[in-house]
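Following: one structure in structure tokens, then a few remarks.
Any value given below was found using the heavy atoms of this structure, including those in side chains, with hydrogens, waters and symmetry copies removed. Chain letters run A, B, ... following the sequence lines, proteins first, then strands; residues in each count from 1.
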There are 2 protein chains.
Amino acid sequence: MFSGIRKIISVKSTSRKKPGASPKLSEKKERLKLFLKEKGFKSTKQRDIIASEFLAVGEHVTAEELYNRICKKHSNIGFTTVYRTLKLLAESGLATERVFADNLTRYEPLAAEEHHDHLICLKCGSITEFEDQRMERLQEKIATEFGFSVETHKMELYGRCRKCGGGNI
Amino acid sequence: MFSGIRKIISVKSTSRKKPGASPKLSEKKERLKLFLKEKGFKSTKQRDIIASEFLAVGEHVTAEELYNRICKKHSNIGFTTVYRTLKLLAESGLATERVFADNLTRYEPLAAEEHHDHLICLKCGSITEFEDQRMERLQEKIATEFGFSVETHKMELYGRCRKCGGGNI
DNA sequence: AGGAAATTGAAATTCATTTTCATTTGGAAA
DNA sequence: TTTCCAAATGAAAATGAATTTCAATTTCCT
Ligand SMILES: [Mn+2]
Ligand SMILES: [Mn+2]
Ligand SMILES: [Zn+2]
Ligand SMILES: [Zn+2]
């Protein structure tokens, strides 16, 4: 079903609805430092730069995309370190890992406690985020009917966004 | 989020609720033959054997799993042909491609018109299928609210099945 | 039967991800 | 501050599933 899509879509992120991430930037970087200290890991220039850039971008990025942005200004930072730092950010709870239909691993700045699902346009690749309590409750209800307890879920709607003819087909 | 899971789970399929697939087996193989003829493709021994085995297994399998079953009795059938035949089956509408959290491509015998979603146990890997019209309607509703039209969706609930302590945690 | 076109399967390739390893660096302890 | 060692870095290699290549074989239309 997705075999064709894999090659076609190149998921680009839409700008976020809540640009309120900016004021918390320093707070987030503080969280990372605490996490590193707790774990006996070290704070490094690279990690600081990578985390800053990641939080600045603010949307769903692959390790490669983030690396490409960073290496223009910091030729001394390698892809591997970007890759590893994104994993660290996810571990620390500052980022969330996502894999959409194109099978690439992306990260977005999102605390582990927060949550949302995604609408993904197959034409332009834009990503729209939504959180819907009716959906969350219904998932729980269905799971319960099967004697199942939910730990995580994946809920992605693929189709056409408004700009790409979503309303009228 | 799924980084740990990827290595842990090896998704095994549960036996299906509807074993009514058996009587339609010949009908399905007829459908495949028609599809091949329409497309100008050829009917071959290999395709026949692979399709039969796939329909006989009846659950979510990777190309490799199916190949391993087949090559025991038919050492003359290669992995590549199994892989390509599964793609063909999906194209013909006799199979559906699925990618769960372990990121492996699986196929299940399911006509393109039919539909269901999945509950996947992170402990034992069992897969439970469900179809819920409330869920389908809610997805449409949410999409509409965003001016979005849905073509496909992915809805997977990961957690504990009843046997693995799903009810009480 | 003849022959063009499709199929097969072993091997090679692709490509994102992950690991390896020699070297460098951070930061706690002296 | 200097010492010292575990952690970090990054280039390169490895991994592994998915996909493509290509020479040999098979299908099936005439
Ligand atoms: Mn998101
Ligand atoms: Mn299924
Ligand atoms: Zn769009
Ligand atoms: Zn289970």
Exercise. When you match A:F41 and B:Y107 each to their closest nucleotide on DNA chain D, which lands nearer the 5' end?
Worked result: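 The residue mapped nearer the 5' terminus is A:F41.
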Exercise. Want to settle it: does B:T62 or A:G40 sit nearer the 5' end of DNA chain D, counting the closest nucleotide to each?
Worked result: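 This one resolves to A:G40.
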Problem set entry | Upstream residue (5' side of DNA chain C) when B:K42 and B:F79 are each assigned their closest nucleotide | B:K42
Exercise. 5'-most contact on DNA chain C: B:R84 or A:Q46, nearest heavy atom basis?
Worked result: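 Per heavy-atom nearest nucleotide, the more 5' residue is B:R84.
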In whole angstrom, give the distance that lies between atom [atom1] of [X] and atom [atom2] of [N].
X: A:D48; N: D:dA8; atom1: CG; atom2: C1'; answer: 15 Å
X: A:N103; N: D:dG16; atom1: CG; atom2: P; answer: 17 Å
X: B:I77; N: D:dT26; atom1: CD1; atom2: C1'; answer: 14 Å
X: B:L88; N: D:dT27; atom1: CG; atom2: P; answer: 16 Å
X: B:L104; N: C:dT17; atom1: CG; atom2: P; answer: 15 Å
X: B:L36; N: C:dA5; atom1: CG; atom2: C1'; answer: 15 Å
X: A:I49; N: C:dT25; atom1: CD1; atom2: P; answer: 14 Å
X: B:N68; N: D:dA17; atom1: CG; atom2: P; answer: 11 Å

Is the distance from OP1 or OP2 of [N] to the nearest side-chain N or O of [X] less than 4.0 Å?
X: A:R47; N: C:dG26; value: no
X: A:T80; N: D:dA12; value: no
X: A:Y83; N: C:dT17; value: no
X: B:K87; N: D:dT19; value: yes
X: B:T105; N: D:dA18; value: yes
X: B:S43; N: D:dT27; value: no

For this session: Kindly indicate, with the supporting measurements, whether the criterion side chain to side chain donor-acceptor pair (under 3.5 Å) is fulfilled by A:E65 and A:Y67.
Result: CA-CA 5 Å; A:E65 284 164 2; A:Y67 168 72; over 6 Å; no
Exercise. With respect to the side chain of A:K45, which nucleotide from C:dG26, C:dT19, C:dT17 is positioned closest?
Worked result: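 Of the candidates, C:dG26 comes closest.
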Exercise. So B:H60 and B:H116, would you call those rings parallel, tilted or perpendicular, with 30° and 60° as cut-offs?
Worked result: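 Geometry flag for B:H116 against B:H60: perpendicular rings.
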Problem set entry | Step-by-step salt bridge (Lys or Arg N to Asp or Glu O under 4.0 Å) determination, B:E108 to B:R98 | CA-CA 8 Å; B:E108 63 170 325; B:R98 303 276 189 192; 2.6 Å; yes
Exercise. Should B:R47 and B:F41 count as side-chain neighbours, where that means a heavy-atom distance under 4.5 Å?
Worked result: yes
Problem set entry | CD (B:E145) with more than 12 external heavy atoms under 6.0 Å |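 Check passes, neighbour count above 12.
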